[in-house]
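Down below is the structure, laid out as structure tokens.
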Amino acid sequence: MVSLQTVRKSNAHIAALPQGLVAVFIGATSGIGQSALQHFSRHASSPHIYSVARATSDASHEKLLATVRQSNPTGTYNLITADVSLVSEIDKVVKAITQTESKVDIVFMSAGFMAFEGRQNTSEGLDPSMTTRYYSRMRAVQQLLPLLNKAESPRIVSVLAGGMEGPLNESDLDLRDLPNWSFWNSSVHSATMGTLVLERFARQNPRLSIVHWFPGPVDTPGLARARRFGMSPPTQRSQEEAGERAVFLATNDRFAVQGGLVPMQEGLEAARRSGGGIYLVDPLGESTDNEGLLSGLRKRGVDEAVWGFTESVFADCAARAGAGSSKDEL
Ligand SMILES: NC(=O)c1ccc[n+]([C@@H]2O[C@H](COP(=O)([O-])OP(=O)(O)OC[C@H]3O[C@@H](n4cnc5c(N)ncnc54)[C@H](OP(=O)(O)O)[C@@H]3O)[C@@H](O)[C@H]2O)c1
């Protein structure tokens, strides 16, 4: 277990990192992501922050960014309005970042929800609880790879369920047939497909450090919603602490394939990577392991099948977006 004191010491060190780190937050309008953005901005020197908010959260997020701006006026804080329950909106986000930045150091992804109300497809024909937790996250990484690969020590943190992956319905990865779908199955698919595809990104981009974090129960608006639907998670960590721990995962070299951000303090060891090359991390910052399941999936080429399927979903979303824009132009 990494103590909160160690986390705080490490985070204080962020101020000594080179100026102008570029960090992209997807899901920071609430909960763990919001706290992570606040803590990172507090410490970083002249950071370039990009944060994505859907239209309904735009105004409140602008207010939050105004307070962050006050606490660290050296930074630039950019709100990008986009709804990440649509894969095609991610392309807009990446385009906006690419216009002004020549590298991205950190991508922090924590958008998502559990669809207790049932599957209600988006205009792309996808379950938004899977899109926010899987498709859009993978699209963001895929599209940001050129900028990530230009950073000294690029890092991705995906907040979901690292180490908690489970069996997939391999003949219906999108759980399109209603009997296959449940809010739990869509959660398991998002986490498992996420780990397999993030591992694939890590293998193909060996300088990229990728963390898939299971934060455990954290007292956020997302968890309050889950309680309203009858879930009663055990002891919860505060949103504040989760944000501090998230920033540690995003910046400490314990989770780096090569150093370059905050050096490991005495007493910390490099975290262990999964057989597929990413850091699966438990709520308190220790490596976890799910090789019993994941090695079998990799051996049978399920990772490649999941990626092939995901690419076909991306192509379909891009085609729909293209058809929509040419209609608009008529
Ligand atoms: N909190 C926990 O105990 C816990 C435990 C394990 C895993 N997780 C996972 O960790 C991630 C972060 O959790 P959290 O508790 O911090 O969540 P949260 O407070 O509910 O924040 C979730 C973020 O996702 C966005 N979002 C939610 N529904 C969306 C939709 N339909 N379309 C577009 N964006 C949407 C929210 O945007 P708006 O502000 O616009 O709604 C917000 O930015 C989630 O994926 C969650 O499943 C959480």
Side-chain angles (χ1 to χ4, degrees), residues 24-39 50-65 79-90 92-93 108-124 126-140 157-165 183-184 186-191 193-195 211-229 231-246 249 280-284 288:
V24 178
F25 289 84
I26 300 176
T29 55
S30 167
I32 300 166
Q34 178 176 304
S35 176
L37 188 156
Q38 289 170 309
H39 282 283
Y50 292 83
S51 187
V52 180
R54 51 181 168 165
T56 45
S57 305
D58 213 76
S60 63
H61 199 51
E62 190 57 72
K63 270 193 202 148
L64 177 100
L65 291 182
L79 188 155
I80 303 175
T81 306
D83 181 348
V84 300
S85 68
L86 295 173
V87 176
S88 55
E89 294 271 297
I90 291 292
K92 263 180 31 187
V93 172
F108 190 92
M109 304 183 291
S110 59
F113 68 104
M114 282 181 132
F116 299 111
E117 304 89 338
R119 180 172 178 141
Q120 294 169 359
N121 280 358
T122 63
S123 56
E124 293 177 331
L126 300 171
D127 162 13
S129 82
M130 272 190 78
T131 308
T132 47
R133 292 179 295 175
Y134 173 66
Y135 295 116
S136 283
R137 294 188 188 197
M138 299 309 120
R139 182 67 172 175
V157 177
S158 186
V159 184
L160 193 58
M164 310 281 283
E165 299 80 1
F183 79 79
W184 188 250
S186 71
S187 302
V188 171
H189 270 226
S190 299
M193 290 161 70
T195 289
V211 176
H212 182 181
W213 187 36
F214 173 59
V218 179
D219 200 2
T220 63
L223 193 74
R225 185 173 165 276
R227 271 197 231 102
R228 288 199 294 279
F229 283 91
M231 287 186 109
S232 46
T235 327
Q236 296 132 43
R237 226 168 304 286
S238 70
Q239 179 172 308
E240 185 78 6
E241 176 175 343
E244 292 177 274
R245 289 188 174 277
L249 301 179
L280 299 174
V281 180
D282 79 2
L284 294 172
T288 131

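Sequence positions, counted from 1, serve as the residue numbers for this chain. Each ligand, and each atom within it, is numbered from 1 in the order the structure gives.
In this structure, F229 and F116 have parallel ring planes: the angle between them is below the 30° cut-off, well short of the 60° mark.
In this model, a donor atom of one side chain and an acceptor atom of the other lie less than 3.5 Å apart for S187 and R133. Between the side chains of T81 and D58, at least one donor-acceptor pair of N or O atoms lies under 3.5 Å.
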Checklist line | Criterion salt bridge (Lys or Arg N to Asp or Glu O under 4.0 Å) on E117 and R225, from CA distance to verdict | finding: CA-CA 11 Å; E117 304 89 338; R225 185 173 165 276; 2.9 Å; yes
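Looking at ligand 1, you'll find an N or O of V218 within less than 3.5 Å of one of its N or O atoms. Considering backbone and side-chain N/O of G27, one or more are found under 3.5 Å from N/O of ligand 1.
Assignment of A161 to the shell around ligand 1 is not supported, since no heavy atom sits closer than 4.0 Å.
Shown in contact with I32 at under 4.0 Å from a heavy atom are these atoms of ligand 1, numbered in order with element: 16 (O). Atom numbering of ligand 1 starts at 1 in the shown order; those under 4.0 Å from a heavy atom of P217 are 3 (O). Ligand 1 places these atoms under 4.0 Å from at least one heavy atom of L160: 6 (C), 7 (C), 45 (O), 47 (O). Below 4.0 Å from some heavy atom of T29 lie the following atoms of ligand 1, by number and element: 36 (C), 37 (O), 38 (P), 39 (O), 40 (O), 42 (C), 43 (O). Every atom of ligand 1 with a heavy atom of A111 under 4.0 Å away is listed here by number and element: 23 (C), 24 (O), 45 (O). Counting the atoms of ligand 1 from 1 in the order shown, those under 4.0 Å from a heavy atom of G216 are 2 (C), 3 (O), 4 (C), 5 (C). Ligand-side atoms of ligand 1 in range of R137: 45 (O), range being under 4.0 angstrom from any heavy atom. Atoms of ligand 1 lying under 4.0 Å from at least one heavy atom of L223, given by number and element, are 3 (O).
When the options R54, M114, H61, M109 are ranked by their closest heavy atom to atom 32 (N) of ligand 1, first place goes to R54. Nearest to atom 14 (P) of ligand 1 by heavy atom, out of T122, T220, D219, D83, is T220. Comparing heavy-atom distances from atom 24 (O) of ligand 1 across P215, A28, G112 singles out G112 as nearest.
A salt bridge links R227 and D219; the closest N-O separation between the charged side-chain nitrogens and carboxylate oxygens is under 4.0 Å.
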